[in-house]
Every structure is written in structure tokens, then in C-alpha cells.
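Labels below follow one simple rule: chain letters A, B, ... track the order of the sequence lines, proteins then strands, and each chain is numbered from 1.
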Amino acid sequence: MADRCWLMKTEPDVYGFADLMAAPDQTDIWDGIRNYQARNFIRDDMSPGDKVLFYHSRCDPPHVAGAAEVASSAQPDPTQFDPASRYYDPKSSPEAPRWFMVRVRGIRALERTVSLAELKANQRLDGMLVTRRGQRLSIQPVDHAHFDEVLRMASEPT
DNA sequence: GCCAACGTTGGC
DNA sequence: GCCAACGTTGGC
């Protein structure tokens, strides 16, 4: 199966690309997803080797920071069973887990970050979900062409 | 920090 | 099953 491309959002104040690169084997779990659409992407569509744009939201300016890849198949997110976790979900059970996660491996920081404003200004990226107003999905499918274009932008000076 | 946009919840 | 109320996301 051909590798898919994704964009995954984080708030750099909470967990940024540098944190991923500092993790053992540059790999970490992507837990805490509590949105059904994003859950379905994780559970049904993500495979090891899929490419990932690592996006920093809630910062100024929001931007794509790095390239990563999906490093595992979907597994139940253990935080849903932990009453002490902020991601605890009393309606979930190990027999019928509601939430899933994958592991993600950082590949490299981009040569330069690419801001949301730049993404919006590039007509080649028309239709890219992250450029849409009000788009809150924390995991988004990305077209191959769009993925490559973002990397190309990062390889060129502003 | 504000607030528009959105997803979820729950009363009916 | 509708939809108002609520909580959250995330750009600005």
C-alpha cells in the first residue's frame, strides 16, 4: 500500500518537534486524541511509514516545524483507562477501547519553518485542510503533492 | 487574551 | 432526532 501523508498538530509549549527529536530513537507515542474523525484516521488509515508534517499550533506564527513518520500501527491509547489522566474516558474499556494512538518518529527539522501564512499564500496548496478557516482537526490527511510542496518551500529561502 | 468556529452533550 | 448550551480549539 502506498504511504499516505498526514499533518499532525501540537502546541509547542506542550510538546514540540524538539521534544520528539529528543525522545529515545526520536520516537514517541501520540496519545490524547479525543476526536472521532482523528481517531478514525489513526485506527483505520494510518500505517507505519506514512509521512507526517509536524505542525505547531497556538504559537506566533503557527508553522510546520519538521518531518516525521508513523512508526507503529494503531494501538489502544492507555491514557483512556487511567483515572488520573486528563484523557481518562470512563465510557471506554479495555474490551472495547474507544481511543487509539500510534507511535511517531521524528525524521528531521525542516531547513526552515514554513508559516501558516505562507501555506495560505501558496496557490499550489489550495485545498490543503490546514489553510481552511476554523479547521480544528488535529490529524489531517495531506495530498502527496501538497506534502512535497511544503518540503520544497522549506528548502528555499523566504 | 479574545472570540469565531466547531464538535459534543443532553433535555425534550 | 433536533438543537440549544456548553467546552474546546486555535488564529489573530
A:Lys91 has its side chain closest, among B:dT8, B:dG10, C:dG11, to B:dG10
| message | So, OP1 or OP2 of B:dG7: does either fall under 4.0 Å of a side-chain N or O from A:Arg136? | response | no
A:Tyr36 side-chain N/O to B:dT9 phosphate OP1/OP2 under 4.0 Å:
no
When rounded to whole Å, the NZ to P distance for the pair A:Lys9 and C:dT8 reads 17 Å
### Query
Under a single-linkage definition using a 4.5 Å side-chain heavy-atom cutoff for Ile, Leu, Val, Met, Phe, Trp and Tyr, are A:Met8 and A:Trp99 assigned to the same hydrophobic cluster?
no
Assess whether a salt bridge exists between A:Glu111 and A:Arg152, defined as any Lys/Arg side-chain N lying under 4.0 Å from an Asp/Glu carboxylate O.
no
Whole-Å distance, A:Glu11 CD to C:dT8 C1', equals 10 Å
In whole angstroms, the gap separating P of B:dA5 from CD of A:Gln37 amounts to 19 Å
Rounded to whole Å, CG of A:Asp89 lies from P of B:dT8 at a distance of 12 Å
In whole angstroms, the gap separating P of B:dC6 from CZ of A:Arg133 amounts to 8 Å
When rounded to whole Å, the OH to P distance for the pair A:Tyr55 and C:dT9 reads 15 Å
Report task. Indicate yes or no for a side-chain donor-acceptor contact from A:Gln140 to the backbone of A:Leu137 under 3.5 Å, with no hydrogens or angles considered. Result -> yes
Between CD of A:Gln140 and C1' of C:dG11 the distance, given in whole Å, is 14 Å
For C:dC12 and A:Lys120 - does any side-chain N or O of the residue sit under 4.0 Å from the phosphate oxygens OP1/OP2? yes
Between the CG atom in A:Leu53 and the CZ atom in A:Phe17, the distance rounded to the nearest 0.5 Å is 10.5 Å
Here the distance between atom C1' of B:dC6 and atom CZ of A:Arg34, to the nearest Å, is 19 Å
